[in-house]
Amino acid sequence: MKNNDNTMHPRYVISIAAKMLGVQTYKLRYYESVGVISPSRSDGNIRLYSEDDIERLRRAIRLSDELGINMAGVEVIFNLLNRIEELQKDNDALQQKVSKLTKENTHLKKFIVDNQ
């Protein structure tokens with residue numbers, strides 16, 4: 001998932017987040033207690049959920065409730081998804097380097113041919 005400031009900005013209190021997800025607030029507190037989510041906190045220590053938090057919770061709820069995966073499995077899946085995203089970013093960066101080097105190689109070959 002692509003992150004930006006807008007989706008990472010904490011904005012929903014727990015009751016609103018629970019309504020958005022169709023669950024009770026205790027379920028969100030449970031997911032926090034097992035480490036699936038770490039919502040931001042206001043100065044008054046109120047949980048605040050971002051769009052990214054809501055999406056992560058939506059995935060966790062689907063994995064656990066609909067697919068029967070336990071919390072350890074959910075954590076493994078999330079870790080693998082994070083690793084895939086990191087590898088994709090690395091791959092994109094390497095593809096840009098390959099493209100740049102290919103262009104430089106083409107220019108060097110042309111320069112050598114022109115100066116022979």
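We use all heavy atoms of the structure for the numbers below, so side chains are in, but hydrogens, waters and symmetry mates are not.
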Discussion item. Around atom CG of D43, are there more than 12 heavy atoms from other residues, nucleotides or ligands closer than 6.0 Å?
Written reply: no

Worksheet entry | Nearest atoms (heavy-atom pairs only) where V36 meets R56 | O-NE, 2.5 Å

Discussion item. Quick one, V13 and I16 - any side-chain contact, counting heavy atoms below 4.5 Å?
Written reply: yes

Worksheet item: Which residues pass the side-chain contact (heavy atoms from CB on, under 4.5 Å) test with I69, sequence neighbours left out?
Response: L63, L67, V74, I77

Worksheet item: Side chain of S99, backbone of Q95: donor and acceptor closer than 3.5 Å?
Response: no

Practice prompt. Would you check if S50 and R11 make a side-chain contact, meaning some heavy-atom pair closer than 4.5 Å?
Written response: no

Worksheet item: Does the side chain of P39 come within less than 4.5 Å of L48's, by heavy atoms?
Response: no

Worksheet entry | salt bridge (Lys or Arg N to Asp or Glu O under 4.0 Å) involving K89 - partner list, sequence neighbours excluded | E85

Fill in: Any donor-acceptor N/O pair, N105 side chain to L101 backbone, under 3.5 Å
no

Worksheet item: Which residues pass the side-chain hydrogen bond (donor to acceptor under 3.5 Å, both in side chains) test with Q88, sequence neighbours left out?
Response: D92

Discussion item. Could you measure the distance from the NE2 atom of H9 to the CG atom of D52? Nearest 0.5 Å is fine.
Written reply: 12.5 Å

Worksheet item: What pairs of residues pass the side chain to side chain donor-acceptor pair (under 3.5 Å) test when at least one of them lies in residues 62-84, not counting sequence neighbours?
Response: K27-D65, Y31-S64, R62-E66, R83-E86

Fill in: side-chain contact (heavy atoms from CB on, under 4.5 Å) partners for N45, two or more places apart
R41

Fill in: Any L57 side-chain heavy atom under 4.5 Å of V23 side chain
no

Discussion item. Hydrophobic clusters here meaning ILVMFWY residues chained together by side-chain heavy-atom distances under 4.5 Å, can you tell me if V34 and I54 are in one?
Written reply: yes

Worksheet item: So which residues get pulled into V76's cluster when ILVMFWY side chains under 4.5 Å apart are joined, directly or through others?
Response: L80

Discussion item. Return the OH to CG distance between Y12 and L21, rounded to the nearest 0.5 Å.
Written reply: 10.5 Å

Worksheet item: Which pairs with one or both residues in residues 12-26 pass salt bridge (Lys or Arg N to Asp or Glu O under 4.0 Å), sequence neighbours excluded?
Response: none

Item to complete: Check the hydrophobic clustering (I, L, V, M, F, W, Y; side-chain heavy atoms under 4.5 Å; chains of links allowed) and say if M20 and I46 are grouped together.
Response: yes

Fill in: K110: salt bridge (Lys or Arg N to Asp or Glu O under 4.0 Å) partners, not counting sequence neighbours
D114

Worksheet entry | Side-chain heavy atoms of L28 within contact of Y49, under 4.5 Å | yes

Worksheet item: Mind checking what makes side-chain contact (heavy atoms from CB on, under 4.5 Å) contact with S38, not counting sequence neighbours?
Response: none

Item to complete: With sequence neighbours left out, write down each residue that passes side-chain contact (heavy atoms from CB on, under 4.5 Å) with R29, or none if nothing qualifies.
Response: I14, T25, Y26, R47

Response to the item:
Across all chains, not counting sequence neighbours, the salt bridge (Lys or Arg N to Asp or Glu O under 4.0 Å) partners of E104 are none

